[in-house]
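Structure record follows, encoded as structure tokens.
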Number of protein chains: 2
Amino acid sequence: MSLTTASRVFADHPSVRPATRDRVLAAADDLGYVVNALAQAMMGLGRRTVAFVAAHMIGSTFADMAAGAESVATAEGNLFLLSTTGEDPARERDLMETLREYRPAAVLLAGSTQTGEEFEQRAVAYAEALAAVGARLVLVGHPACPGSKSILSVDYDQVGGVRRAVEHLVTGGHRRIAFLGLIPERTTPAERLRGYELGLQDAGLPVDPSLVIECANDSDGARVAALSLLSRPDRPTALVCLTDGVAVGVYRAARSLGLAIPGDVAIVGFDDAPIVADLTPALTTIRVPFWEVGVHGARVALGLEEYDGHVQLPTELIVRESSP
Amino acid sequence: MSLTTASRVFADHPSVRPATRDRVLAAADDLGYVVNALAQAMMGLGRRTVAFVAAHMIGSTFADMAAGAESVATAEGNLFLLSTTGEDPARERDLMETLREYRPAAVLLAGSTQTGEEFEQRAVAYAEALAAVGARLVLVGHPACPGSKSILSVDYDQVGGVRRAVEHLVTGGHRRIAFLGLIPERTTPAERLRGYELGLQDAGLPVDPSLVIECANDSDGARVAALSLLSRPDRPTALVCLTDGVAVGVYRAARSLGLAIPGDVAIVGFDDAPIVADLTPALTTIRVPFWEVGVHGARVALGLEEYDGHVQLPTELIVRESSP
DNA sequence: TTGTAAGCGTTATCAT
DNA sequence: ATGATAACGCTTACAA
């Protein structure tokens with residue numbers, strides 16, 4: 001009944017006589033003993049840990065990604081750590097250090113960031129710091145970093161999604177199509193705007209800067225912005241919205257102006273959030289496989305999946321009643 | 001430059017000369033060194049860990065509770081572990097053991113369970129097992145266990161919420177009020193049904209069992225059930241729904257039957273999920289402070305908050321257009 | 001102010 | 001089949 005023997009019992013080693021085995025198990029049960037996984041982990045043994053870091057945990061998009069990642073991590077008996085930065089780079093940096101101290105298998109960094117090299121450099125620094133403790137960094141729901149091929153990422157086709165939406169609106173006869181919800185210098189709005197521009201370009205239509213509207217990414221910010229946009233004499237006949245939440249704000253604005261959807265103005269959202277199919281009229285939107293993004297992120301993180309640096313999942317235009 | 005000195009530097013011990021301190025820091029920075037938090041944790045030092053366990057991570061209810069708990073845990077520099085059981089008691093038990101191995105400060109067990117003593121006994125067993133490793137168990141979004149006062153819980157007033165909803169419908173003149181979405185032997189449906197019964201009782205109305213309808217807790221299950229309920233010659237004039245998701249199913253059923261809401265049938269939901277205020281008509285529902293439930297759960301878990309065994313947060317009836 | 005030595009709970013190695 | 005010992009990376013008396 002030595003420590004070694006006990007250890008062997010819990011590790012299911014074959015070389016331990018059933019009798020002693022039972023004796024150990026009985027004693028353990030008696031004392032309420034469970035192995036100290038921290039001691040195991042300290043030696044690089046035992047379960048692995050996957051961390052998920054996002055700016056916020058609000059809305060179904062991040063929650064779905066996190067849930068997808070969690071399902072993969074937990075399914076294999078690993079641990080899943082969740083933390084938010086509140087959009088604060090300093091907190092993000094601190095968090096990254098803290099996580100490094102826990103020797104995770106991987107850190108998934110989720111969501112939109114500032115565009116440009118500053119973030120990319122930060123990400124490279126994170127990736128290197130994590131690599132120094134044997135951990136991987138995987139960007140999820142974030143476009144690939146073209147500069148640094150070493151940064152793994154799992155993304156979804158935002159550009160293509162909006163591009164198809166614009167194509168759909170053009171096919172429906174629309175020529176004055178606005179984009180609502182721009183947030184400057186952020187990757188997700190930038191990608192979706194790019195899809196809008198490419199969609200117009202495909203149709204040989206010019207990009208009219210007065211139809212690209214900046215507003216907060218919430219229903220009320222969108223409502224206010226839409227109110228002014230839709231009050232213009234030359235108002236657009238169709239609106240592509242950054243998110244479904246923005247689209248909801250547009251619904252409210254249209255209603256208060258007495259405009260019919262899609263008769264007076266067609267609306268397209270993005271994300272396919274729950275319930276938007278039950279709005280009146282049902283919202284046309286772009287469905288994003290957020291759960292799967294999380295799943296693939298975790299799989300890449302744990303080395304369960306082939307990856308060539310970047311995975312991009314398809315999005316799907318869901319045509320409902322709010323567009324022709 | 002011994003290990004001890006280095007340790008002192010990272011622990012911000014005062015008794016270390018600035019010169020050596022800098023030397024250590026420089027060396028650390030050079031090597032990309034960070035303390036091994038697992039070694040610290042093994043000795044019961046360093047950050048604490050809060051675990052959150054739910055059956056699923058789908059929908060905004062669990063996600064909001066988890067997010068609230070995460071915000072508290074992370075704010076204090078602790079770690080937040082998230083895991084799901086998939087509603088499988090065996091997985092739940094395994095998970096509890098696994099978590100125990102990691103010596104968390106507390107485990108939050110979230111959501112509805114089977115009613116009755118079986119769960120209560122399980123919870124007591126969990127609580128004891130966790131206590132043996134210095135961890136607390138806190139039930140969140142689950143009614144208090146009357147039998148075992150030792151089990152901490154943070155809940156919200158489901159009974160009162162539905163009771164007020166019924167009162168509101170009665171005040172609006174309704175007499176035939178149905179309850180849709182019963183799932184037998186589960187705490188959350190049981191609580192909400194109890195609120196329905198009490199509401200009727202308050203008004204001196206009998207509980208008509210033929211108006212208490214069982215169905216799956218999703219829009220489509222509800223749609224099918226509502227279709228048959230609303231096709232009855234003596235159909236109810238108002239429906240209290242287990243959740244907003246169920247209410248959405250009822251909306252679809254009413255629409256396909258050509259029934260007006262609230263003209264032909266009034267609807268009340270539960271949860272105040274995002275966007276339900278933007279349905280047509282806007283859904284009357286009961287708002288639940290899920291985020292706050294998570295917050296209080298984590299606070300109780302970490303001993304940051306006075307508790308006398310059970311905390312119950314209020315719910316709020318939000319009257320919108322779907323009810324008189 | 002700094003260093004030495006012991007101990008935390010494991011597991012791997014090498015006996016026995 | 002079992003046990004003793006070293007090692008993992010850290011902290012904390014206790015010395016120096």
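Every chain is numbered from 1, with letters handed out A, B, ... down the list of sequences.
If you check every strand for non-hydrogen atoms under 4.0 Å, A:Phe10 touches nothing. Nucleic acid contact class of A:Val34 (heavy atoms, under 4.0 Å, all strands): sugar-phosphate only.
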Pairwise N/O distances under 3.5 Å, protein to nucleotides 1-4 of chain D:
unit_1, atom_1, unit_2, atom_2, d
D:dT2, OP1, A:Arg17, NE, 3.4
D:dT2, OP1, A:Arg17, NH2, 3.1
D:dT2, OP1, A:Thr20, OG1, 2.8
D:dT2, OP2, A:Arg17, N, 2.7
D:dT2, OP2, A:Thr20, OG1, 2.8
D:dG3, OP1, A:Met1, N, 2.6
D:dG3, OP2, A:Met1, N, 2.8
D:dG3, OP2, A:Ser2, N, 3.0
D:dG3, OP2, A:Thr5, OG1, 2.6
D:dG3, N7, A:Arg8, NH2, 2.6
D:dG3, O6, A:Arg8, NH1, 3.4
D:dG3, O6, A:Arg8, NH2, 3.1
D:dA4, N7, A:Thr4, OG1, 3.3
D:dA4, N6, A:Thr4, OG1, 2.9

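At C:dG9, none of the side-chain N or O atoms of B:Tyr102 fall inside 4.0 Å of OP1 or OP2 (strictly under the cut-off).
Judged by distance alone, the side chains of A:Asp271 and A:Thr243 never bring a donor and an acceptor atom under 3.5 Å apart.
Distance CG (B:Asn36) to C1' (D:dT11): 13 Å, rounded to an integer number of Å. Whole-Å rounding puts the B:His13 NE2 to D:dA13 C1' distance at 11 Å.
With sequence neighbours excluded, the residues that form a salt bridge (Lys or Arg N to Asp or Glu O under 4.0 Å) with A:Asp12 are A:Arg21. Taking A:Tyr126 as the reference, nothing meets the ring pair (Phe, Tyr, Trp, His ring centres under 6.0 Å) condition, with sequence neighbours excluded.
The shortest distance between side-chain heavy atoms of A:Asn36 and B:Tyr102 does not fall below 4.5 Å.
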Step by step, would you call B:Thr5 with B:Ser2 a side chain to side chain donor-acceptor pair (under 3.5 Å)?
CA-CA 5 Å; B:Thr5 311; B:Ser2 80; 3.3 Å; yes

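Residue-environment remark: CD (B:Glu117) stays at or below the threshold of 12 foreign heavy atoms within 6.0 Å.
Sorted by first then second residue, the side-chain hydrogen bond (donor to acceptor under 3.5 Å, both in side chains) pairs that include residues 50-62 of chain A, not counting sequence neighbours, number zero. Residue pairs meeting the side-chain hydrogen bond (donor to acceptor under 3.5 Å, both in side chains) criterion with at least one member in residues 67-89 of chain A, sequence neighbours excluded, are A:Glu70-A:Thr74, A:Glu70-B:Thr84, A:Thr84-B:Glu70, A:Glu87-A:Arg186.
Near DNA chain C, defined here as any heavy-atom distance below 4.0 Å, the residues from residues 38-46 of chain A are A:Ala39, A:Gln40, A:Met42, A:Met43, A:Leu45, listed numerically.
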